[in-house]
Amino acid sequence: MADGAGGAGPESSGPVNPLRDGRDKRLPRIAGPCSLVIFGVTGDLARKKLMPAVYDLANRGLLPPGFALVGFARRDWSDQDFGLIVHDAVREHSRTPFREDVWERLSEGIRFVEGTFDDAGAFERLKTTLAQLDVERGTGGNHAFYLSIPPGAFPTVCEQLSTSGLAVGDDDSWRRVVIEKPFGRDLQSAKELNAVVNRVFPEDTVFRIDHYLGKETVQNILALRFANQLFDPIWNAHYVDHVQITMAEDIGLGGRAGYYDGIGAARDVIQNHLLQLLAITAMEEPVSFRPSELQTEKIKVLSATKLAEPFAETAARGQYTAGWQGSQRVKGLKEEEGFDAESNTETYAAITLEVDTRRWSGVPFYLRTGKSLGRRVTEIAVVFKRAPHLPFDATMTEELGQNALVIRVQPDEGVTMRFGSKVPGSSMQVRDVSMDFSYGQAFTESSPEAYERLILDVLLGEPSLFPVNEEVELSWKILDPILEFWASGGTADPYEAGTWGPESANEMMERTGREWRRP
Ligand code: BG6
């Protein structure tokens, strides 16, 4: 990784030299002078995640004195008005405590530019603002443009940045563009989108956000797999029966119903977050943690991944109906404002994938996600085969399941190992027990928010945690056939809010003699 899991290599049996590559990787990385321009500052993401993350970085001392935050939107706001918006967002959503002195310093670099995306004059004003910041704050011509806007607006904004001369810096400065998902709605549209972006920004200046990669627990998969000797020998088809990747949410669509209608669970999170989790779980060890090496391994494993067929048996989709979340009565999807009652868009999706490599041949990867499920939980469960022989009386092992290693991505971040143990007493009865590692207990530092890590990486020009063009396109290539199959007929199966999804998803597993975990 950027900050230094960077393998010490074969010569590592001697003392590790922390200054390899010219930098002590144990020291915190601090961004150089620059500005971050956010398009879409009036949106939820900017208010709840981006602005608070910028403050948290400032609070941790990871932003330089010469830093500026520029908002661009169609609002009649002054710099001060925008400053108040940022202030409120920070007070409400930042992870770290509010400190007046940190805020004072940050707010000195806050600017606002009023305009619409198709207004060339607004981009000229943006250019002037950035030039002034270069002088006043010493941002040195280094500017990152964060497009937290609907994908339909990407082409216009990219063109405007290009026409106004903002897209390319000079030899001594950099320009970068950050784009939020969704990256298209299928392979074809993703290709078109990538072409538009790459016409203006060279690929190495494009940072595609998949915020799951910014999560500590997701990066810990790399540590777990490649820093230990314990797991690798059994991380393959000889020992693993199957892998379950679950991303369950306990809330419905609420205010996002209008956006979500027509997108659905598979496009919203399987195409990106869950396939990235699969890639990191299933890939081979990278030669090093240099970005290109990591990407090479992810690309290899995504190229080998395909949907299992027939889809009628290997996949399931659903829509939540009214139900209970704990003691609270919650709405069904069709009652959500902005959602077309006739729409077939799925809020639950489960698919089966095959990874055609020597390591994984014959091991199904089950991916599922849903809104309004029983609990909020994201986990990767590697479920092992049963022991080939049990020298116990059959009645003694009735409560023995399959061994499993569960990476708990969130909440309650950590790792659980499940295995059989003797029940105390005079008989040789064996039952499942679990052994837990919990981040909260093992470390005193709290984990940064994903967006803190990713925004810092953008400002540092560190691309390891950002999927490249090819990964995005491969992910669509994997998913397109099931999206087409679902679009061609049939309906999403109902499931009651607060449960674990439609019955068809359970049947999908039962057909293979397996069952979903109940996290
Ligand atoms: C986003 C999806 O990418 O991830 C949302 O668009 C989802 O639908 C969100 O709710 C979940 O993120 P997290 O970090 O809360 O698991």
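Note that the coordinates shown come from a computational prediction; the quantities given were computed from them, not determined experimentally. For ligands, and for the atoms within them, numbers begin at 1 and follow the listed sequence.
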A.B. asks: Near ligand 1, which residues have a heavy atom under 4.0 Å away from one of its atoms?
C.D. replies: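 Close residues (ligand 1, cut-off 4.0 Å): K181, H211, Y212, K215, M247, E249, R256, D268, V269, H273, K371, R376, Q410.
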A.B. asks: Among L483, V472, D480, L474, find the residue that satisfies the side chain to side chain contact (heavy atoms under 4.5 Å, CB included) test when tested with L187.
C.D. replies: D480
A.B. asks: Using the ring-ring contact (aromatic ring centres under 6.0 Å, His included) definition, which of the options Y366, F384, W360 pairs with H242?
C.D. replies: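 Running ring-ring contact (aromatic ring centres under 6.0 Å, His included) over Y366, F384, W360 with H242 returns exactly one hit, Y366.
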A.B. asks: For Y451 and H211, take the angle between the two ring planes, folded into 0 to 90°, and tell me which bin it lands in: parallel under 30, tilted 30 to 60, perpendicular over 60.
C.D. replies: parallel
A.B. asks: Restricting to side-chain hydrogen bond (donor to acceptor under 3.5 Å, both in side chains), what partner residues turn up for R375, sequence neighbours left out?
C.D. replies: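 Counting only residues at least two positions away or on another chain, R375 forms no side-chain hydrogen bond (donor to acceptor under 3.5 Å, both in side chains).
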A.B. asks: With sequence neighbours excluded, tell me which residues meet ring pair (Phe, Tyr, Trp, His ring centres under 6.0 Å) with F82.
C.D. replies: F112
A.B. asks: Please, which pairs that meet side-chain hydrogen bond (donor to acceptor under 3.5 Å, both in side chains) have at least one residue in residues 265-283, sequence neighbours excluded?
C.D. replies: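 Only K181-D268, D210-H273, Q276-K298, Q276-E471 qualify under side-chain hydrogen bond (donor to acceptor under 3.5 Å, both in side chains).
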